[in-house]
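Down below is the structure, laid out as structure tokens.
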Amino acid sequence: MNSESRLKFLKPDDSDDVFAVDRETQNAETTSFVFNPNRNLSLIAQRDKLPIRKFVNDILYCLSNYQTLILCGECGSGKSTQIPQILYEKGYHAKGIIGITQPRRVSAITLAKRVAEEMGQVFGEEVGVACRFLNKFNEDTKIKFMTEGIIMREIFANPLLSEYSVIIIDEAHERNLITDCILGLLKKIAKKRESLKIIISSATMDAKLFRDFYNFRSKSNPKDTSIILTVEGRMYENEIFYLNEPCADYVQSTVDTIMKIHHKEPAGDILAFLTGQEEITRAIRMLREHMELTNVTEDELKVMPMHASLTHHDQLRVFFHTSRNTRKVIIATNIAETSVTIPGIVFVIDCGFIKLNWYMADLQINMLVVTPASQATARQRAGRAGRIKNGKVYRLFTQEEYQKLPNITAPEMRRADLSTTILTLKALGIDNILRFDFPSAPPAKNMLASIELLYALGAIDSEGNLTNDGLIMAELPLSPIHSKMLLESRELGCSDEILSIVSMMQVQQIFSYPKSGQGAITARRQRRNFEVAEGDLITYLNVYQAFVANGCTKEFCGQFCLMYRHLKRVVEIRNQLELMLTKQFKMKFNSTAASTTIIRRCICAAAFPFAAYLHHSGTYRMVRGDTEVNIHPTSCLYTEKQPSWIVFGEVVHTTKLFVRDITTIESPWLLELAQHYYHKTSVRNNQI
DNA sequence: TATCCGTCG
């Protein structure tokens with residue numbers, strides 16, 4: 001392969017020498033690919049061709065007359081790379097740093113590098129980037145890209161963000177929890193600092209909401225303070241097709257549509273959206289059967305899955321160039337909506353459903369549910385086609401159904417667990433959380449449930465004020481339950497082990513689950529080396545200790561079917577937490593002997609709101625609310641003898657309610673360690 | 001008995 005003409009991948013961390021990797025991006029967690037149709041032009045020529053450059057004067061006019069500018073435009077218009085440069089060219093950097101936030105690490109790093117390159121600067125000097133485990137900026141940095149989590153930390157340190165002259169919030173239309181939080185905080189800052197300019201990059205449907213949110217017009221000040229500017233930028237059109245009648249099985253319809261496109265349409269790759277891994281596997285199996293029956297070979301139609309739990313190597317397969325006669329078919333989850341951009345897609349198939357996290361306030365748990373997608377999601381998916389030539393989009397629902405879909409997906413703020421958000425805002429001195437001005441106010445019952453949880457954990461007192469422990473919990477980059485575990489471990493004498501366990505809980509998965517028959521059998525046998533009757537968290541501790549004892553090698557992970565890239569991150573996270581706890585909070589680390597009782601008591605002392613007991617029916621019941629829950633098949637307790645009492649980390653809803661990350665406990669511990677939460681009577685009543 | 005959408009510090 002000729003490395004000059006090859007597009008560059010960011011961050012393969014398998015040492016895959018086919019791809020060009022550089023050191024800064026090596027740490028990034030996810031796959032990213034930036035497709036650039038003007039690759040052959042010089043950087044400056046490419047830059048001047050971008051649609052956004054035609055709007056320079058409009059942008060500058062808006063910014064000098066209004067404090068907040070809402071910028072609408074399709075992706076590909078060059079907003080993210082050009083706006084910072086335009087502001088720099090006009091000298092905005094003289095009054096303070098130009099800050100740009102991104103929802104994801106890879107996009108922050110990619111964009112920062114691109115802008116440095118276009119400006120002919122050394123990356124990390126005038127143009128820099130900040131995200132967890134990667135700080136590439138210095139005191140001369142004028143354009144600073146960062147993740148949203150980082151600017152949140154900066155608000156902690158400097159509540160008015162006085163170093164900055166401009167803040168650009170990119171991808172605000174995604175309406176992530178943290179984006180909405182920052183938008184609320186920025187509104188307070190903007191009122192106090194009239195010199196601060198704010199640019200919000202958004203899609204059309206949210207523009208008016210954002211404009212009104214930042215319009216401080218009043219009787220005493222009759223002038224608008226915010227304005228919308230729309231920049232056109234699309235180069236190709238997509239033709240949209242709907243079904244005449246609703247379909248019964250969208251997985252089957254996806255397969256049928258793929259075959260129809262393959263037989264009737266000219267060359268061009270296909271991207272199909274389904275809701276989860278299981279559907280994707282089923283679709284691929286059906287498609288292969290179909291291909292066999294109709295004598296279509298893998299050389300003609302190359303099928304591949306794309307979802308987050310694939311190994312990195314398998315994720316990269318979707319980027320391989322295929323021969324001219326091969327049509328690629330990628331069947332993906334919503335990872336392909338934003339996080340991964342696959343070049344050269346001509347056909348998109350959209351099942352019309354999406355899997356989302358919903359917070360059930362009455363149970364205080366998160367649930368994953370499949371729901372109809374929104375029009376905004378359908379448009380976002382459609383936009384993945386038509387980037388190199390006109391595309392076609394097949395929606396597996398009727399046009400009437402499309403009209404009935406909600407305009408946008410409910411912002412995460414309205415459907416997420418708010419305990420971390422509330423803790424953070426409390427730490428920033430916002431006393432009345434219920435009256436905080438969010439772009440979309442969360443449901444009051446969700447807030448109250450989170451406040452109740454924070455009270456139970458001792459993060460806030462009965463007046464709703466942050467306690468000393470609460471302040472530490474707010475500062476730690478962990479969920480309140482995990483922070484609480486660490487705080488409890490000081491007294492109980494097992495902080496070393498709890499730190500390892502908590503670090504392990506910060507990554508998505510530890511074990512790899514190969515799909516092929518023999519691999520799956522090997523993986524299951526290797527997991528047995530670590531599994532213990534005390535539950536998943538103690539099992540994770542065993543894995544961590546074995547990984548470290550064996551030199552943290554890739555070979556060890558290969559042998560025992562562990563996710564090397566995740567375990568490497570665990571080590572990084574553990575180091576960061578240990579440093580924070582010792583330097584910032586003067587915590588002394590201690591370790592317990594061979595017995596796991598102390599460790600399990602410590603887990604129980606933090607996870608007590610999520611306790612369940614074995615009901616005589618053979619399933620579990622949550623102590624709170626008496627809801628039936630089942631042990632998740634990935635838990636090490638799934639095949640073990642079922643313990644009488646457990647605490648768990650999370651609930652997933654598929655065919656039933658399943659609990660994961662389980663630890664066995666003794667029922668008296670709940671009364672001892674959380675007597676403020678569990679009255680003796682209620683525990684006795686629930687006992688068998 | 002039958003298996004997780006995607007992010008972040």
Side-chain angles (χ1 to χ4, degrees), chain A residues 28-32 101-108 130-135 146-157 171 174-179 181-182 273-282 306-310 332-340 351 353-358 366-371 373 377 380 409 412 415-416 420-421 423-424 473-479 482-483 503 506-509 511 513 515 520 524 569 572-573 576-577 580 618-620 630-635 637-640 642 649-661:
Chain A
E29 272 284 286
T30 45
T31 320
S32 171
T101 71
Q102 292 293 325
R104 287 165 291 279
R105 293 166 53 88
V106 212
S107 46
C131 50
R132 193 180 193 182
F133 305 128
L134 177 68
N135 285 315
M146 61 203 129
T147 46
E148 292 173 340
I150 289 284
I151 206 169
M152 207 66 184
R153 298 281 133 181
E154 293 204 359
I155 296 173
F156 257 92
E171 317 280 9
E174 287 183 21
R175 305 300 306 275
N176 298 326
L177 186 62
I178 189 156
T179 319
C181 223
I182 292 164
F273 286 98
L274 290 174
T275 69
Q277 191 181 332
E278 198 260 326
E279 283 177 7
I280 291 171
T281 315
R282 186 154 70 94
M306 183 74 203
H307 50 80
S309 46
L310 289 178
T333 59
N334 33 14
I335 194 172
E337 271 173 34
T338 50
S339 305
V340 175
C351 73
F353 285 83
I354 188 165
K355 198 180 275 185
L356 289 174
N357 219 338
W358 282 92
N366 289 297
M367 276 214 253
L368 278 174
V369 283
V370 175
T371 56
T377 298
Q380 174 72 24
T409 307
E412 204 182 354
R415 51 180 175 83
T420 305
T421 305
L423 199 55
T424 309
M473 289 162 74
E475 298 232 9
L476 289 171
L478 297 169
S479 77
H482 293 156
S483 305
S503 303
Q506 305 311 306
V507 295
Q508 196 77 9
Q509 56 181 140
F511 297 105
Y513 298 91
K515 267 177 297 228
R524 185 196 280 175
R569 191 169 166 87
E572 269 188 315
I573 290 170
Q576 188 194 34
L577 291 173
M580 282 185 85
T619 60
Y620 284 83
N630 303 270
I631 300 212
H632 194 279
T634 56
S635 169
L637 293 176
Y638 187 68
T639 46
E640 292 283 326
Q642 302 204 312
E650 61 175 346
V651 183
V652 290
H653 177 89
T654 46
T655 49
K656 286 187 283 196
L657 287 179
F658 288 102
V659 292
R660 307 177 70 232
D661 294 341

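The sequence lines fix the lettering, A, B, ..., with proteins before strands; numbering per chain opens at 1. Just so we're clear, the structure is a prediction, and the values are computed from it rather than from any experiment.
- Distance CD1 (A:Ile631) to P (B:dT3): 15 Å, rounded to an integer number of Å.
- Minimum atom distance to the side chain of A:His307 is reached by B:dG6, of the listed B:dG9, B:dA2, B:dG6.
- Closest to the A:Tyr638 side chain, of the nucleotides B:dT7, B:dG9, B:dA2, is B:dA2.
- Side-chain contact check for A:Thr409 and A:Thr377: at least one donor-acceptor pair (N or O, by modelled atom type) lies under 3.5 Å.
- Closest-nucleotide positions on DNA chain B for A:Lys656 and A:Pro103 were compared, and the one nearer the 5' end corresponds to A:Lys656.
- If you check every strand for non-hydrogen atoms under 4.0 Å, A:Asn357 touches a base.
- Residues forming a salt bridge (charged side-chain N to carboxylate O under 4.0 Å, His left out) with A:Glu279 (at least two apart in sequence, or on another chain): none.
- Looking at heavy-atom distances under 4.0 Å, A:Thr275 makes contact with sugar-phosphate atoms alone, never a base.
- Taking atom CG on A:Leu134 and atom P on B:dC8, their separation rounds to 13 Å, with Å as the unit.
- Heavy atoms of A:Glu412 sit under 4.0 angstrom from at least one base atom.
- OP1 or OP2 of B:dG6 has at least one side-chain nitrogen or oxygen of A:Thr333 nearer than 4.0 Å.
- Taking the salt bridge (charged side-chain N to carboxylate O under 4.0 Å, His left out) definition, one finds that A:Arg282 meets it with A:Asp249, sequence neighbours left out.
- If you check every strand for non-hydrogen atoms under 4.0 Å, A:Glu154 touches nothing.
- The closest side-chain donor-acceptor pair between A:Thr179 and A:Glu148 falls under 3.5 angstrom.
- Each of A:Ser479 and A:Leu356 lies near DNA chain B, and the nucleotide nearest A:Leu356 is the one positioned closer to the 5' end.
- Residues A:Ser309 and A:Gln277 bring a donor and an acceptor atom of their side chains to less than 3.5 Å of each other.
- Between the CD1 atom of A:Ile150 and the C1' atom of B:dG9 there is a distance of 7 Å, given to the nearest Å.
- Atom NE2 in A:His632 sits about 12 Å away from atom P in B:dA2, given to the nearest Å.
- Distance, A:Met146 CE to B:dT7 P: 21 Å, rounded to whole Å.
- Protein atom CD1 of A:Ile151 is 13 Å distant from nucleotide atom C1' of B:dG9, rounded to whole Å.
- Partner of A:Gln506 under the side-chain hydrogen bond (donor to acceptor under 3.5 Å, both in side chains) criterion, chosen from A:His482, A:Glu572, A:Arg569: A:His482.
- If you check every strand for non-hydrogen atoms under 4.0 Å, A:Leu368 touches a base.
- In this structure, the CD1 atom of A:Ile335 is 10 Å from the C1' atom of B:dT7, given to the nearest Å.
- Checking B:dA2, B:dG9, B:dT7 against the side-chain heavy atoms of A:Pro633 singles out B:dA2 as nearest.
- Within the structure, a side-chain polar atom (N or O) of A:Thr147 is placed less than 4.0 Å from OP1 or OP2 of B:dG9.
- A:Leu478 comes within 4.0 angstrom of a nucleotide base, judged by non-hydrogen atoms across all strands.
- For the pair A:Glu278 CD and B:dT3 C1', the interatomic distance rounds to 9 Å; values are reported in whole Å.
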